[in-house]
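See structure below.
These numbers come from the heavy atoms of this one structure, side chains and all, not from hydrogens, waters or symmetry mates. Per chain, numbering begins at 1; letters A, B, ... match sequence-line order.
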Amino acid sequence: MSTAFDKLARPIQKWVRAQGWREMRDIQARATHVLMDSDADLIVAASTAGGKTEAAFLPLLSQILDDPSGISGFDLLYVAPLKALITDQARRLDDICREAELPVIPWHGDVPASVKTRAIKRPRGVLLITPESLEALFIRRGLELPRLFGATRAVILDELHSVLDSERGIQIRSLLARLEQSLNRLIRRVGLSATLGDMELAKAYLRPDSPGEVREVVAAGGGAELQLQLRGYVTGDNDDEGPSATDAIALHLFGHLRGSDNLVFAGARQAVEIYSDRLRTLCEKERLPQEFYPHHASLSRDHRDFVERRLKDGNAPTTAICTSTLELGIDIGDVTCVGQIGAPFSVASLRQRLGRSGRRPGKPAILRQYVVEAKLTPTSNFSDRLRLGLVRAVAMIELLLEGWCEPPKRGALHLSTLVHQILSVIAQRGGIHAQQLYGMLCQKGPFRQVDTQPFLDVLRALGHPETALIEQADDGLLLLGAMGEKLVEHYSFYAVFQTPEEYRLISGGKELGTLPIDNLIAPGMLLIFSGRRWLVLEVHDRDRVIMVSPAKAGVPPLFGGDPGNIHDRVIERMLDILEDQNRPIYMDATALELLEEARSHYAQLQFGPGRIAQLGENATILATRTGSIRTTTLALALRAAGFTVQTHDGFLEVFGKDGTPLLIDALAALASGEAVNLFTHSPNLVFEKFHPYLTEALLQQDAFSARLDTAALAELSRSILG
DNA sequence: TGATGTCGGGCGACCG
């Protein structure tokens, strides 16, 4: 059998030799065999910097060189969710493609129009594009798609794991399905991904019609040794001497991370600001050069570029205190250690974060997990007593060590994104019949969960005279309505996700970043932002601008954010941890003490064979043993029955009122499958960009499909009753 | 209500 290297085209072999590689990496060799010997779709899963890009491109480019199509159009299409990733990859591919004399065209909002015009005139080579820019191509050049993509051999989807479950993932899949339909043929799909929670689901996402035929190349696991510590801290110790929990963590970070490159994930932007401020102050006090910098999405591009460059250069030691901004595949080089403050929200993201460290041979990956718990008082809530943050951190670490991570959820209707794609198709083609549209998006596209009836309901909602997004001509053709035209015309249409309104923060003519408008800001106020302290000078509401100047003190602003979902498996593990007696060796003394406290309080609750515990006179605790979706569903059902309910990780705290039935009776009714209206208290159902155009009934269906699980309600109630 | 975050963009007018 010939080796993978032998299979590559001459110019590509030449490039490989020029790299001085002794041999191709295992995943590259395996991907080469699959891609050169078959026309199967493929998923390549490996950690960041695992050589995935080359694994896909070396063989795909070889095929193009060995067998030029002679047809017009881009030879390869690469779709990535970040502009920075496209810029990075364009640079790497440029090098390979120079040898092959194929153009590489990065295409996103910051790419000059001249580059785009040239590429459109004579489309060939590799097109690297964001989903939004691809959407714009469909809308603005819908009729030219065959000319632009007639020659396209394959589409490479980078960071597949990050879009599997999301609005943007559905958008990408819809665009690809539409492209294939307009070309009247399939285009091979190659997904590049970090470790996946469920390969079979990922295959179904990549190629819904034949997931069984999608091949996979997965990097051998293991690799770096993992060094792990979980440190516990108690806050609210005002009477005691010594630093607060925040200061203590900042001190520990300062002492252990100084002098090397590190990432510290603080969970929320406000926390990033607080820790950056503390660490900056520590550097100043010790008269040491600054090496701790904040990094999150509200900070200016300039500042973020500066931090990323410092990390990548490796010249001066740099620690970024960050949110998930530094989680995805932008290349920032290897870091010594990854810090995580507070329990993460998913094992998948914890794994992705950890993958940033220990990439050099012989170097361990280091995770420093910090958890802050409240100081207990006689009136402390049971959730504080159960130390749910700490227990969640332990559960996540154990699941990480076992190699598990969350699979994507399936079955969501994605009605907001459906609205977007309906408008996009109509704009692309000028008009379309309802039946054809349904076939395109729901039968052949990604909206397969949407039946004819809800689809017609969506069309009706969009065609309602007050909405006027679409209208129907006499011959039945669907056209854009007045509002629809306006919406699609503006560049804000291309993204499928919602963006909040923000102020721009300016100091001395330089933009520091943005603040959500729901912060109440007035002149004279003090702010912490970008890790520094500011005095608010002027607020211009109309232009959404805040002018500031440096100050000596400040408070961190509020940033928004929607809570995400914790997976069932994580909650199950949390309960197991509360019920067993293991003392993980990676926990420090305080963390172990907190864990013992949690266990003894859990034992005191005396859950019986069922999972009900009485707390005081009228509060009842239910252990749901399920994640956010099912726990929230049960909470809504009990609220509908008149109870006051607070939700926690895997627990509900239920209070009866005059006139409410016995909780046991209410649970028994649910267990018997009795119907319940979860929306009696009309909770907010508008979460996504195009939700405001839908009816209440459609919004409820969308919520049922993605955020709630009514089917599990009866079984969950039964198991709680025991 | 107990709680995060991230991501994207076309065109034409104007100026040198």
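In this entry the distance linking NE2 of A:His567 with P of B:dA3 reads 24 Å, nearest Å. A:Leu326 has its CG atom 15 Å from the P atom of B:dG5, to the nearest Å. The separation between A:Asp384 atom CG and B:dA3 atom P is 11 Å, rounded to whole Å. Distance, A:Ile120 CD1 to B:dG10 P: 11 Å, rounded to whole Å. Put simply, CD on A:Glu373 is 13 Å from C1' on B:dA3, counting in whole angstrom units. Here the C1' atom of nucleotide B:dG8 and the CD atom of A:Glu502 are 13 Å apart, to the nearest Å. Computed from coordinates, the A:Ile172 CD1 to B:dT6 P distance equals 19 Å when rounded to whole Å. The nearest whole Å value for the distance from the CG atom in A:Leu137 to the C1' atom in B:dG8 is 14 Å.
Between A:Gly642 and A:Lys657, the shortest heavy-atom distance links the atoms O-CE, 3.0 Å. When every heavy atom of A:Glu502 is checked against every heavy atom of A:Ser298, the shortest pair comes out as OE2-OG, 4.4 Å. Closest non-hydrogen pair, A:Thr130 versus A:Val79, comes out as C-CG1, 4.4 Å.
The nucleotide whose nearest atom lies closest to any side-chain atom of A:Gln646 is, among B:dT6, B:dG8, B:dG2, B:dG2. Of the candidates B:dA3, B:dG9, B:dC7, B:dC7 carries the atom nearest the A:Arg304 side chain, counting heavy atoms from C-beta on. The A:Thr323 side chain lies nearest to B:dG5 when the options are B:dG5, B:dG8, B:dC11. Taking every side-chain heavy atom of A:Ser324 into account, B:dG5 is the closest of B:dG8, B:dG5, B:dG2. Of the listed nucleotides (B:dG9, B:dG5, B:dG8), B:dG8 has the atom at the smallest distance from the side chain of A:Arg168.
Remark: A:Thr647 is not in phosphate contact with B:dT1, judged by side-chain N or O atoms under 4.0 Å from OP1 or OP2. Distances shorter than 4.0 Å separate none of the side-chain N or O atoms of A:Lys116 from OP1 or OP2 on B:dC11. At the phosphate of B:dG5, neither OP1 nor OP2 sits under 4.0 Å from any side-chain N or O atom of A:Thr325. Regarding contacts with the backbone of B:dG8, every side-chain N or O of A:Lys689 stays at 4.0 angstrom or more from both OP1 and OP2. Remark: A:Arg392 is not in phosphate contact with B:dA3, judged by side-chain N or O atoms under 4.0 Å from OP1 or OP2. Put simply, A:Ser133 has a side-chain N or O that comes within less than 4.0 Å of OP1 or OP2 on B:dG9. OP1 and OP2 of B:dG10 both lie 4.0 Å or more from every side-chain N or O belonging to A:Arg141.
The base of B:dG8 lies outside donor-acceptor range of the side chain of A:Thr130, with no N or O pair under 3.5 Å. If you check distances only, the side chain of A:Asp649 does reach the base of B:dG2 with a donor-acceptor pair under 3.5 Å.
A perpendicular orientation is assigned to the rings of A:His691 and A:Phe687, their planes being inclined by more than 60° (bins at 30° and 60°).
Looking at heavy-atom distances under 4.0 Å, A:Thr499 makes contact with a base. When heavy atoms are screened at a 4.0 angstrom cut-off, A:Phe345 is found touching base atoms of the nucleic acid.
In this structure, the aromatic ring of A:Phe497 is positioned over the six-membered ring of the base of B:dC7, centres within 5.5 Å and planes within 30°.
Checked for salt-bridge contact, A:Arg301 and A:Asp305 meet the test: a charged N lies under 4.0 Å from a carboxylate O.
Between A:Arg353 and A:Phe493, the residue anchored nearer the 5' end of DNA chain B, judged by the nucleotide with its closest heavy atom, is A:Arg353.
With no hydrogens or angles considered, no side-chain donor-acceptor pair links A:Glu135 and A:Gln428 at under 3.5 Å.
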